[in-house]
Peer 1: 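Okay, here's the structure, questions in a sec.
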Number of protein chains: 2
Amino acid sequence: MKRSAATLKDVASAAGVSAMTVSKALRNAPGVSDKTRERVLAIAQNIGYETNVSASALKTGRSGIIQIIVNEYDIPFYSKLIDVMSSAVVANGYTPFLQQTKYSSAALQSTLSSSLFSGVLSDGVIAHASGLSGDLFEKIVHGKPAVLIDSCEEQPVVSSVVFPNEEGARAAVQYLAERGCRNIGLIGPSYLEKKDFLHSPSPMKLRMRGARAALLDLGLPYDESTVIAVEGMSEEHAIDSVHELAKSGRIPFDGLFCLNDSAAIGAIRALADCGIRVPDDVKVIGFDGVREGGFHVPSLTTISVDMQQLARLVMLSLKQQIDHEGEPLTATKTTIGFTLLERESTQSR
Amino acid sequence: MKRSAATLKDVASAAGVSAMTVSKALRNAPGVSDKTRERVLAIAQNIGYETNVSASALKTGRSGIIQIIVNEYDIPFYSKLIDVMSSAVVANGYTPFLQQTKYSSAALQSTLSSSLFSGVLSDGVIAHASGLSGDLFEKIVHGKPAVLIDSCEEQPVVSSVVFPNEEGARAAVQYLAERGCRNIGLIGPSYLEKKDFLHSPSPMKLRMRGARAALLDLGLPYDESTVIAVEGMSEEHAIDSVHELAKSGRIPFDGLFCLNDSAAIGAIRALADCGIRVPDDVKVIGFDGVREGGFHVPSLTTISVDMQQLARLVMLSLKQQIDHEGEPLTATKTTIGFTLLERESTQSR
DNA sequence: CTGAAAGCGCTAACAA
DNA sequence: TTGTTAGCGCTTTCAG
């Protein structure tokens, strides 16, 4: 077995044709007789020929690779996201190329513009936008086809598909109220007043805004004591904040809307530490619809976003951009749907 | 801003030197004065030059890319694995390229030898071996540097780093016994007798073997009724099997060793459905040490494998192979360590 | 220390 | 339908 890979020439001489013919045959390009094509394919298969992406990409300027950039792989939300998005990319005939930034904007930049994986190799970029201005992104991506996921800029520079943050949050709070909760707490980055929502929106801000609006509509209180502030949206952060609150007195809530599922899972865990029962004492609802939510005890009620739709819309936008590689195409912004997934964490007993 | 990326030539003419000099300067290759190098670097930075991987890979035959192949991203074990392995690859100066096979051996093959991502682009391969014979793998990889994770072949063709499957399983069962369990059940693919362990070992077989040995050593029963057979090692499968068993009578166990954490999480969930309390009625221990285990109620006691060590050993082996690119280097097989992480699911009350 | 020439493997454009 | 030519952007080799 040859160590160095077989080239088009090798196949060509084995088949008694030119390299060009082999190239066409393998790519199903026109200009080759069926008979020749079949023979070439068989021979290529036989000697284990594999096309050299580097060469082909160098020549054509297209690699067939789509970058998918997220913050971190080992987080339920992201592992689901990369699964769904990778599958969609593959289904569309492209090769997904994953990268995690570990939340470092610097890392992201170097990731995007590092000596490797510059924009040069990939034909397009899909990124979950967290902690990344569309502006910066655009600069990095240089106008190559790109779609942001859940980037909430009012004036998008790059097309994005966003989550139903406000609507979903509203629905979550309304649902808790319908289930009889009167002291509804929120777990999110921080307490925000009306004016805080005016600038630089982010997914969590929008969820907070939706929750706030719902509370006010319902005539329920929304003030500093409504929000359990967390330093991050992970399970650990939620656990810390809930423990902290419990230490300084009783948990004053009978309902808790956690701005994402990880926070909800952390909250349930921390409440258990305090001897508080979910849903008996406090009902808990999350946001996202991660896989793990269904396996917990109690299972987690959540605003489940439609990830399949997300994948479809992202690919649609990306392909449009790739087809119009020539020029602009104004940035679009589409919102995906959600369903309220009722499970045990909000059941009445 | 130019649409097409800047090339070496562009930088060269901007700097008033030859492309060759720029190339050397950027790669820190010898043969350029410090002064020239600095100037070139500044200019390259300025006009946003990024080296074209395709071209460089085409010329040198090295891309700096390491493939990482797993079954599925959205599974706690794998999301952790890809996180750890990607980070290790990056830390070693390579670029990780992730792929999921979705358990299809066919998909894996096409993944490995598809028109894209043939062996041509990547400099090495790291794969979690499940459902993949080392043989097949070797054929696909063609002798390029590769390391398998948890491939249990007796006569490894490709180097691998394996989990402490037997030892860990032994420890898990012994631990349950020490905690007072006398009716210990196992959740795994199927009941296996002594002779079944002789051929084609797999991680789950080895865990079953270790568990069996521990049970027999302890004078505890190991027979068909000891094993709750599952069709797969996911939460869903475990839930199904436990429900099934519950339907046909009482769950006869006071201790349950689940061959991985996902099965354990599923089991706890299903037991809750049956009104069986963990750890009060049944103590449960898992295997792997996934992130999620700590957030469940009860939190999951588990055999936590040393993933950092795994990453280190995999990279070590891979780099050795890359350095000896010339020739063979006999396949090695290294086992990583574990710790028994005690948590609530096995607590005595 | 610097630059010119050649070619990695492939494919667009054209010629036969 | 098939083959020839040229060159993508880079780097190895060797000359200046």
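The structure displayed is predicted, hence computed values, not measured ones. Naming: A, B, ... by sequence-line order, numbering from 1 per chain.
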Peer 1: Of the candidate nucleotides C:dC1, D:dT1, C:dC8, which contains the atom at the shortest distance from the side chain of B:Ser33?
Peer 2: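 The closest nucleotide is C:dC1.
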Peer 1: Looking only at the side chain of B:Thr21 (C-beta and beyond, no hydrogens), which of the listed nucleotides D:dT2, D:dG9, C:dT2 gets closest?
Peer 2: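 Taking heavy atoms from C-beta onward, the closest nucleotide is C:dT2.
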Peer 1: Please figure out whether B:Lys24 or B:Ala55 has its closest DNA chain D nucleotide nearer the 5' end.
Peer 2: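 Of the two residues, B:Ala55 wins.
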Peer 1: So, is B:Ser18 close to the C:dT2 phosphate, meaning a side-chain N or O under 4.0 Å from OP1 or OP2?
Peer 2: no
Peer 1: Rounded to the Å, how far apart are A:Leu121 CG and D:dG9 P?
Peer 2: 14 Å
Peer 1: To the nearest Å, give me how far apart CZ (B:Arg62) and P (C:dC8) are.
Peer 2: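 The answer, rounded to whole Å, is 18 Å.
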Peer 1: Mind calculating the distance between CG (B:Leu58) and C1' (D:dC8) to the nearest angstrom?
Peer 2: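 Whole-Å distance recorded here is 9 Å.
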Peer 1: Expressed in angstrom and rounded to an integer, what is the separation of A:Asp10 atom CG from C:dC8 atom P?
Peer 2: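 Rounded to the whole Å, the gap is 12 Å.
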Peer 1: Could you tell me whether the phosphate oxygens of C:dA12, OP1 or OP2, come under 4.0 Å of any side-chain nitrogen or oxygen in A:Arg27?
Peer 2: yes
Peer 1: Taking 4.0 Å as the cut-off, does a side-chain nitrogen or oxygen of B:Ser23 come that near to OP1 or OP2 on D:dC10?
Peer 2: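 For D:dC10, neither OP1 nor OP2 has a side-chain N or O of B:Ser23 closer than 4.0 Å.
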Peer 1: Can a side chain N or O of B:Thr60 be found less than 4.0 Å away from OP1 or OP2 on D:dT12?
Peer 2: no
Peer 1: Would you mind reading off the distance between B:Arg37 atom CZ and C:dG3 atom P, rounded to a whole angstrom?
Peer 2: 14 Å
Peer 1: Between A:Ser23 and A:Arg27, is any side-chain donor less than 3.5 angstrom from a side-chain acceptor?
Peer 2: yes
Peer 1: Between C:dC14 atom C1' and A:Met20 atom CE, what is the distance in whole Å?
Peer 2: 11 Å
Peer 1: Can you tell me the distance, in whole Å, between the CG atom of A:Asn28 and the P atom of D:dT1?
Peer 2: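 It works out to 14 Å between those atoms.
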Peer 1: Could you check how far NZ of A:Lys59 sits from P of C:dT11, rounded to whole Å?
Peer 2: 10 Å
Peer 1: Look at B:Ser56 and D:dC10 and indicate whether a side-chain polar atom (N or O) is within less than 4.0 Å of OP1 or OP2.
Peer 2: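 The answer is no; no side-chain N or O of B:Ser56 sits under 4.0 Å from OP1 or OP2.
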Peer 1: May I ask you to test the A:Gln320-A:Pro145 pair for a side-chain heavy-atom distance under 4.5 Å?
Peer 2: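 When only atoms from C-beta onward are counted, A:Pro145 and A:Gln320 do not touch, as no gap falls below 4.5 Å.
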Peer 1: For B:Gln100 and B:Asn71, which I'm curious about, is there any donor-acceptor pair between the side chains at under 3.5 Å?
Peer 2: no
Peer 1: Are the side chains of A:Ser86 and A:Ile68 in touch, meaning some heavy atoms are under 4.5 Å apart?
Peer 2: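 They are in contact (side-chain heavy atoms under 4.5 Å apart), so the answer is yes.
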Peer 1: Would you call A:Asp83-B:Lys102 a salt bridge at under 4.0 Å N-O?
Peer 2: yes
Peer 1: On DNA chain C, nearest-nucleotide positions of B:Thr36 versus A:Ala19: which is more 5'?
Peer 2: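 The answer here is B:Thr36.
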